[in-house]
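A, B, ... follow the sequence lines: proteins, then strands. Residue 1 opens every chain.
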2 protein chains.
Amino acid sequence: MDVDPHSLVFGALSSATRRRILDVLKAQPGCSVNDVASHFEMSRIAVMKHLKVLEGAGLVLSRKEGRRRVLHFNPVPIQEIYDRWTTEFSKHWAARMTRVKYVVEAQGDSDER
Amino acid sequence: MDVDPHSLVFGALSSATRRRILDVLKAQPGCSVNDVASHFEMSRIAVMKHLKVLEGAGLVLSRKEGRRRVLHFNPVPIQEIYDRWTTEFSKHWAARMTRVKYVVEAQGDSDER
DNA sequence: CCGACAGGTAACATTTTGGTTACCCATGGA
DNA sequence: TCCATGGGTAACCAAAATGTTACCTGTCGG
């Protein structure tokens with residue numbers, strides 16, 4: 001995994017567990033680390049590490065409140081990737097569909113992997 | 001990294017190298033493995049492994065043509081994630097911006113990471 | 001004040017990732 | 001035919017990711 005923001009966000013989202021954590025934070029904004037951990041089988045420490053990855057990608061915002069850490073989902077990084085990739089891929093989408101269809105058909109008899 | 005399609009696509013995109021490979025395939029559709037490898041410092045084998053990851057995520061389509069392997073970028077998996085996440089996050093975006101702003105301001109004095 | 005509770009660190013084990021070199025196979029051109 | 005070219009596999013290695021347990025720190029409630 002690299003250091004640029006894109007890689008951090010994609011890397012964070014590449015784990016089903018972390019995406020589930022985001023779901024929890026969306027459903028219960030402002031909840032604590034233990035609140036999140038209670039939804040998973042793994043140890044609280046493992047959840048904390050996932051939270052650190054998510055926070056490093058900017059997908060989670062947190063602050064200490066007394067002895068609790070208050071967690072919030074932050075959609076902004078996703079929105080940013082969204083905006084960039086829309087403009088970048090929009091020219092490929094409709095235009096490419098025919099080509100992709102051709103490729104898929106043409107490889108019908110080839111070796112798959 | 002898990003096995004579900006989402007994780008595969010996000011995982012594939014989490015590497016700047018692999019995103020650059022996609023750029024090459026977008027610019028030179030139908031090019032060969034060596035064509036791609038010529039754009040990078042690393043060995044051809046390393047590039048092939050990246051291509052395998054991309055193909056596993058459905059982002060690259062390939063077929064054998066003589067002794068060459070012909071490569072194409074496939075935007076469909078990104079489009080699918082796009083569609084799903086649009087509907088899933090759209091309710092959070094505009095609505096959340098005020099909350100996020102609040103959170104950011106409120107944590108102004110807290111520890112950052 | 002003191003114990004329970006929430007969180008954080010450290011050290012460790014295991015698995016996955018990302019790269020290498022060495023070697024093999026197939027094909028296409030002279 | 002024969003060899004250069006493109007591709008593929010195997011074995012190996014270092015580093016990073018992902019989980020664990022053990023232990024420490026700070027804060028809230030009684």
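- Distance CD1/B:I21 to CG/B:L71: 9.5 Å, rounded to 0.5 Å.
- Spacing between atom CZ of B:R63 and atom P of D:dG7 amounts to 14 Å, rounded to whole angstrom units.
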Would you tabulate the pairs of protein nitrogen or oxygen atoms and nucleotide nitrogen or oxygen atoms of nucleotides 22-30 of chain C closer than 3.5 angstrom?
unit_1, atom_1, unit_2, atom_2, d
C:dT27, O2, B:R67, NH1, 2.9

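- Whole-Å rounding puts the B:K49 NZ to C:dT17 C1' distance at 9 Å.
- Close to C:dT20, at under 4.0 Å from its OP1 or OP2, lies a side-chain N or O of B:S43.
- Applying the salt bridge (charged side-chain N to carboxylate O under 4.0 Å, His left out) test to residues at least two apart or on different chains, the pairs with a partner in residues 34-45 of chain A are A:D35-A:R68.
- Of the possible polar contacts, none joining the A:N74 side chain to the A:L61 backbone as a donor-acceptor pair under 3.5 Å is found.
- Under the side chain to side chain contact (heavy atoms under 4.5 Å, CB included) criterion, B:S38 pairs with no residue, sequence neighbours left out.
- If you measure from atom NZ of B:K52 to atom C1' of C:dT16, you get 15 Å, rounded to the nearest angstrom.
- Regarding B:R19, its CZ atom lies at a distance of 16 Å from the C1' atom of C:dG18, rounded to whole Å.
- DNA chain C lies under 4.0 Å from at least one heavy atom of each of the following residues of residues 32-40 of chain A: A:S32, A:V33, A:N34.
- Residues forming a side-chain hydrogen bond (donor to acceptor under 3.5 Å, both in side chains) with B:Q28 (at least two apart in sequence, or on another chain): B:H39.
- A donor and an acceptor atom, one from each side chain of A:R19 and A:S14, are nowhere located under 3.5 Å apart.
- Judged by atom type and distance alone, A:K64 does not reach the base of C:dG7 through any side-chain donor-acceptor pair under 3.5 Å.
- Checking the phosphate oxygens (OP1, OP2) of D:dT5, no side-chain nitrogen or oxygen of B:R68 falls inside 4.0 Å.
- Here the straight-line distance linking atom CE of A:M48 with atom CG of A:N34 works out to 10.0 Å at 0.5 Å rounding.
- Taking 4.0 angstrom as the limit, A:H50 places a side-chain polar atom (N or O) nearer than this to OP1 or OP2 of D:dG19.
- Note: CE (B:M48) to P (C:dT21) measures 15 Å, nearest angstrom.
- Distance CZ (B:R69) to C1' (D:dT5): 16 Å, rounded to an integer number of Å.
- Under the side chain to side chain donor-acceptor pair (under 3.5 Å) rule, B:H50 has a single partner from B:R20, B:R18, B:E55, which is B:R18.
- Listed by chain and number, the residues in a salt bridge (Lys or Arg N to Asp or Glu O under 4.0 Å) with A:E65 are A:R63 (sequence neighbours excluded).
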